[in-house]
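What you are looking at is a predicted structure, and each value in this text was computed from that prediction instead of being measured. All chains are named by letter (A, B, ...) in the order of the sequence lines, taking the proteins before the strands, and each is independently numbered beginning at 1. Hydrogens, waters and symmetry mates play no part in the numbers below; they use all other heavy atoms, side chains included.
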Number of protein chains: 2
Amino acid sequence: MRPTVHDIAAEAGVSLATVDRVMNARPGVREKTRVRVEQAIEKLGYVRDVAAANLAKGRIYPFTFILPKNDNAFMAELRQAVVEANEQGRVERTRIAIVDVPAFDAEALASALDAAGADEPAGIALVAIEAEPVRAAVARLKEAGIPVVTLVSDLEGSERDHYAGVDNPAAGRTAASLLGRFLGDRRGTIGVLAGSLSVRDHQNRFSGFSEVMATQFPQFEILPPMEGRDDAAIAERLVGEALAAHPDMIGIYSLGAGNRGLIAALQQARDAGREIVTIAHELSAHSRAALESGLFDAVLNQDAGHEVRSAIRVLKARADGTPVIAAQERIRIDIFIRDNLP
Amino acid sequence: MRPTVHDIAAEAGVSLATVDRVMNARPGVREKTRVRVEQAIEKLGYVRDVAAANLAKGRIYPFTFILPKNDNAFMAELRQAVVEANEQGRVERTRIAIVDVPAFDAEALASALDAAGADEPAGIALVAIEAEPVRAAVARLKEAGIPVVTLVSDLEGSERDHYAGVDNPAAGRTAASLLGRFLGDRRGTIGVLAGSLSVRDHQNRFSGFSEVMATQFPQFEILPPMEGRDDAAIAERLVGEALAAHPDMIGIYSLGAGNRGLIAALQQARDAGREIVTIAHELSAHSRAALESGLFDAVLNQDAGHEVRSAIRVLKARADGTPVIAAQERIRIDIFIRDNLP
DNA sequence: CTGTTAGCGCCTTCAA
DNA sequence: TTGAAGGCGCTAACAG
């Protein structure tokens, strides 16, 4: 059997309480006895049973997740992942409050951060918007000693403790590589559909995309990005207009949400006999169907569940003052084509 | 506070023991009282604290993992994943014994299965080889009531409880799609390098690959597969010879291990001025470097850690007689190109 | 069929 | 500075 606190206590010739004090680095132990206990721990190869410890402590971690009230599929999935994590949380001893804010509204987000901070949670996660009021609100939270993690979209130059999301410039580069290779020898212009260039993740995807297109595939002309506000109706209109205005358009990179609108526009193009090589983001029922029907050629995905669980792990570690292995919390960019759909 | 067994007992007007009996579906409870307890559980929204339950049970699950003693990077990673899972096992209450067997040796595997079964573990995982003695040994294990899970490579038509690995036909189809699209308008022959067509995963990848090449990209000639036994030296020789014999070879699908040898051969081809579009399997230090240098164009990966953890979850569930959500245990086929390396 | 009681491994008063 | 004792939520003998 693996050793327990009792074994350590016996080995060191002290009581359980003293062992506990040493293990949790609490004061009130003579240097000499501390060393004795540590040696006993070392000798017996003791590792504390975290589950039992948590049970005894009964500690719970109240976290707040601030999410944009978008109706796109990805945000719905993210929200669902938070809800599920919260249900799981009975085991992990976390309790997550979800706060909704209007999408792309920096002021609203900043207010929500202040309000969330007033409850003094053990940590806060937010889908960031790149704006000064938000940065200031985050700074206030850090001032108050509350750990802050950005989720999906980062807030650069801020004091957030961690960013739980994909490497968006790399996602943009990935999209460019695939689009360039899939287009092969064809020639024409390429359209870009973003949600809003005021969110850092969309900005970053666009710059990564532009960089690789310019250096590796200079033969293509990239049109200025359209901003669809991650809204299906707007996206459909913008893409439809762009396709009409540019009869030589052969490729589209959609780096935000609003896939439903994009798909509708692509279907119309197909009906008119045009095939547009398209790379989009986020796997959902719609984008999956589009992959299967060939309207999309690849979908880059970020696993919302992973992101949420990673954010929670990091917040918990920060709350406990324990270190996180950054490499382990890296969120991958998944590539899906028709043939490797899960 | 969330309700505990005490609350349920009080609400139902019974003792703790009875509540426990109901919760664990143990016999010796009158129908009427069982209903009362269940209603109390429902009413108070009780969810049992698994950590506390495990603590009280003190049960541990002894599992045996049978792994081929290959020195390729993927098997090393798989083994490492098992070792790590075992270390984590102190928390999960699992203990994993690793048994090594010679690679591609059905008789040795069958013997190892019998030997492992003699210890009456709570479950066995194996990297299967498609052969009758293995199937028979698995049948004997099932006969003895021991849960069996195949890992990475399946054993079709056997009595295994579950397969923890990727959809290999889909992996082959994915490789074909990418290869075909990357080749674009080029014309020539395509080589296939397998480890051994006696393992089901390699067989399946090859058939998925062949299917899509034949239907979607009939313009390419596919050469008969080479068998490199997942050995770097053999692979290097085979690929080198094939490249020499087929000056019009423009693509390679390597569906097994032995990437080091393949890379060496590709490097020689590059030095001689030839560029071969190459899709390989399993991300490792070598294949990553090959992606970065452009010798590989894409790498399909299965996450060894996921596979091992999934196998353990399933074995545990089988040991407990609890159901598994099949969809949740699906192992994804990861696609990596230079730009989305983790 | 049902209840009592003593733990699982750890933490935390409260005394000494 | 140290120890004794009780309890976290659940399970499992052992009695009734």
Sugar-phosphate, base or nothing in reach of [X], heavy atoms under 4.0 Å:
X: B/Gly28; answer: base
X: A/Val19; answer: nothing
X: A/Arg34; answer: nothing
X: A/Ala17; answer: base
X: A/Arg48; answer: sugar-phosphate

Looking at [X] and [Y], would you say the former's side chain and the latter's main chain have a donor-acceptor pair under 3.5 Å?
X: A/Asp49; Y: A/Ala51; value: yes
X: A/Thr64; Y: A/Ala116; value: no
X: B/Glu282; Y: B/Gln302; value: yes
X: B/Arg140; Y: B/Gly117; value: no

Are A/Arg48 and A/Asn24 close enough that a side-chain donor and a side-chain acceptor fall under 3.5 Å?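 Short answer, yes.
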When you match B/Gly13 and B/Ala56 each to their closest nucleotide on DNA chain C, which lands nearer the 5' end?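 Residue closer to the 5' terminus by nearest nucleotide: B/Gly13.
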With nearest nucleotides of DNA chain C determined for A/Thr4 and B/Arg21 from heavy-atom distances, which residue corresponds to the more 5′ nucleotide?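 By nearest-heavy-atom nucleotide position, the 5'-most residue is B/Arg21.
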With a strict under 4.0 Å distance from non-hydrogen atoms of chain A, what nucleotide opens and what nucleotide closes the contacted stretch of DNA chain D, reading 5' to 3'?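 The protein-touched segment is D/dT1 to D/dG9.
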Calculate, to the nearest 0.5 Å, the distance between atoms CG and CG belonging to B/Asp303 and B/Leu78 respectively.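 Here the interatomic distance stands at 10.5 Å.
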To the nearest 0.5 Å, what is the distance between CZ (B/Arg313) and CZ (B/Arg318)?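 Rounded to the nearest 0.5 Å, the CZ-CZ separation comes to 13.5 Å.
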Do NZ/NE/NH1/NH2 and the carboxylate oxygens of A/Arg2 and A/Asp7 come within less than 4.0 Å?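 Between A/Asp7 and A/Arg2 there is no salt bridge, as every charged N stays at least 4.0 Å from the carboxylate O atoms.
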Inspect the contact between B/Asp161 and B/Lys142 and indicate whether a charged nitrogen and a carboxylate oxygen are less than 4.0 angstrom apart.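 Yes, charged N to carboxylate O under 4.0 Å.
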5′-ward residue of the pair B/Met23/A/Leu16 relative to DNA chain D: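 Nearest nucleotide further toward 5': that of A/Leu16.
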From the 5' end of DNA chain C to its 3' end, which nucleotides mark the outer limits of contact with chain B, defined by a 4.0 Å heavy-atom distance cut-off (strictly under)?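 Nucleotide range with atoms under 4.0 Å of chain B: C/dC1 to C/dG9.
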By the definition side-chain contact (heavy atoms from CB on, under 4.5 Å), identify the one residue from A/Ile146, A/Val148, A/Leu141 that meets it with A/Leu113.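 By the side-chain contact (heavy atoms from CB on, under 4.5 Å) criterion, A/Leu113 pairs with just one of A/Ile146, A/Val148, A/Leu141: A/Leu141.
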Given A/Val152, A/Leu67, A/Val134, the one that forms side-chain contact (heavy atoms from CB on, under 4.5 Å) with A/Leu126: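 By the side-chain contact (heavy atoms from CB on, under 4.5 Å) criterion, A/Leu126 pairs with just one of A/Val152, A/Leu67, A/Val134: A/Val134.
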For DNA chain D, the dot-bracket notation using Watson-Crick and G-U wobble pairs below 3.5 Å, [ ] for pseudoknot-type crossings and | for other-strand pairs, is ||||||||||||||||
